Structure formats: C-alpha cells, structure tokens
Amino acid sequence: MKRLVSWILALSCLVLMAGQGFAATRFLSIGTGPVGGTYYPVGATMAKIWTDRVPDLKATAQSTGGTRNNIQLMGKGEAEVIFADGLYYDAYNGRGHYKDNPQTFLRALVPLYPEAVHILIAKGSKIRTLQDLKGKRVSVGAVGGSVSLTANQVFRAVGINPAKDITLFNLGHAESVQAFSNRQIDAAFTVGAIGIASVVEPTTLGLVDFLDVPDGVVQW
C-alpha cells in the first residue's frame, strides 16, 4: 500500500525483439494514457525522437485508458511499448488483479519518473478526511487504468466499501477537471507526475483542494 499512496514508479515495458531486423520500415505503437495525463505527452515525445533518430522506425503514441488497458493491448499484440505504473509487478507475477493470470510477456525497459497519488476535493465540499468520502461522488480514473485499484485500496484502508459507499465515476484526467468545473463530482484520485495538468489546472482555477492521507493509511 505504501508504494501506491506515496509514490509510484512509472515504467515503460517492451516486448523482446531479439533476432528481428530493421531493414524495412518497422512500425511501433506506444500505449500511453488519457489525454491530459503525463503518459501521453511523454509517449508522444518519445515516439517523435525514435522516429527521427532510429533508421527505418516509425513510432506512434496512442491515447489509452492507462496501465491495465496498456497491458491488455500488449498482450493482444496491439502495442509494442507501453507505459505502466507499479501494477506491472503484480501483472508479471500473477498477483492481485492478475491472480493466476501472470503476464510474463512484460519486460521492463526503463524507469522514467516518480508518480504521486493526488486526492483532490471540490472547494466547499466540507470533506476533511478520507472517511468523509463516504456517500460522495468520486472520480477514480479512466476505464482501463490502475487508478481505480489504488483508490479501492485507500477506501478499504479506512473502512469504506467503494461498491456500496461511493458513487464512482470513471473519468480521465481532462474529464475529471471538467467534472469539477461542472460540480458533477466531489473528489477525484489522480496519479501522475508532479505538475500534471489535471492537478495544476483545477487548483489554479480555485476549484479544488488537496486531501491529506494519514500516515497510518500510507503504512497500511
């Protein structure tokens, strides 16, 4: 739990391509994340650099739901490179969400940057503690990402049953910002690099505050 609510190491994963040459143009798809997050702009920049600098390689970044969606795409051969947070460890070892279904095709390529878990609350919502999220409307990330798994761990740590006690919204980064603006949600879990637009924008506009996570929950 500690690695989920404090820092998550973002990784990009690559299928081994030993023995495959690059004589002809090779097309490479990079699974990133929702527009408005960190994965997509970083992945788009990587795609441009690889295309410009690697002979006979054409790389493109595709917007996806996030880690879980990316692992699915790689498993189906629809992405050769993906971005993934710490969930990749469970996926490879067949644990947690991937119990008895190890994704052993994954290979770690490089650690990129630390990711923080931000819990944003609407200004004026009177939410002061994690327990106050009970009965509230909470965005837990886009479908296909791993933010919902992180959120569920936090909920369970404070005795909240997300299936019964929370009105869940599966919204991507940009959609969560818009939902705060329209007063459609009370809180949102956002995972991304420090300075991510989906956190900077709503805080700059005065739409949200941060919700602290007690040490006891971090250590859970």
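Given the structure is predicted, the values throughout are model-derived calculations rather than measurements.
By the 4.0 Å N-to-carboxylate-O rule, D132 lies too far from K136 to be salt-bridged with it.
What you find for T190 and S198 is that their closest heavy atoms are CG2-OG, 3.4 Å. Between I196 and T38, the closest heavy-atom pair is CD1-OG1, 3.5 Å.
Pairs engaging residues 161-178 under the salt bridge (charged side-chain N to carboxylate O under 4.0 Å, His left out) rule: none recorded [sequence neighbours left out]. Sequence neighbours left out, not one pair with a member in residues 118-152 passes ring-ring contact (aromatic ring centres under 6.0 Å, His included). Listed by first then second residue, pairs satisfying ring-ring contact (aromatic ring centres under 6.0 Å, His included) with a partner in residues 123-144 number zero, not counting sequence neighbours.
Applying the side chain to side chain contact (heavy atoms under 4.5 Å, CB included) test to A122 and every residue at least two apart in sequence or in another chain returns S125, F180. Every side chain to side chain contact (heavy atoms under 4.5 Å, CB included) that P34 has, sequence neighbours left out, goes to A142, H173.
A donor-acceptor pair is defined here as one N or O able to donate and one able to accept, closer than 3.5 Å; no such pair exists between the side chain of R26 and the backbone of L57. Using modelled atom types, no side-chain atom of E201 and backbone atom of V199 make a donor-acceptor pair closer than 3.5 Å. Within the 3.5 Å criterion, the main-chain N or O of R95 finds no donor-acceptor partner in the side chain of N93. The backbone N or O of V200 sits less than 3.5 Å from a side-chain atom of T203, completing a donor-acceptor pair. With hydrogens and angles ignored, the 3.5 Å screen pairs a side-chain donor or acceptor of R107 with a backbone N or O of T104.
For the residue pair Q62 and S29, a side-chain donor N or O sits within less than 3.5 Å of a side-chain acceptor on the partner. Side chain to side chain, T64 and N70 meet the donor-acceptor criterion of an N or O pair below 3.5 Å.
Ring-centre distance between F155 and F189: below the 6.0 Å cut-off.
In this structure, N161 places its CG atom where more than 12 heavy-atom neighbours from other residues, nucleotides or ligands lie under 6.0 Å away.
Note that CZ of R137 is 4.0 Å distant from CG of D186, once rounded to the nearest 0.5 Å.
Chaining together hydrophobic side chains whose heavy atoms lie under 4.5 Å apart places Y40 alongside V35.
Of the candidates D85, N69, D90, S146 forms a side-chain hydrogen bond (donor to acceptor under 3.5 Å, both in side chains) with just one, namely D85.
Between Y39 and F83, the ring planes are tilted. Angles from 30° to 60° get that label.
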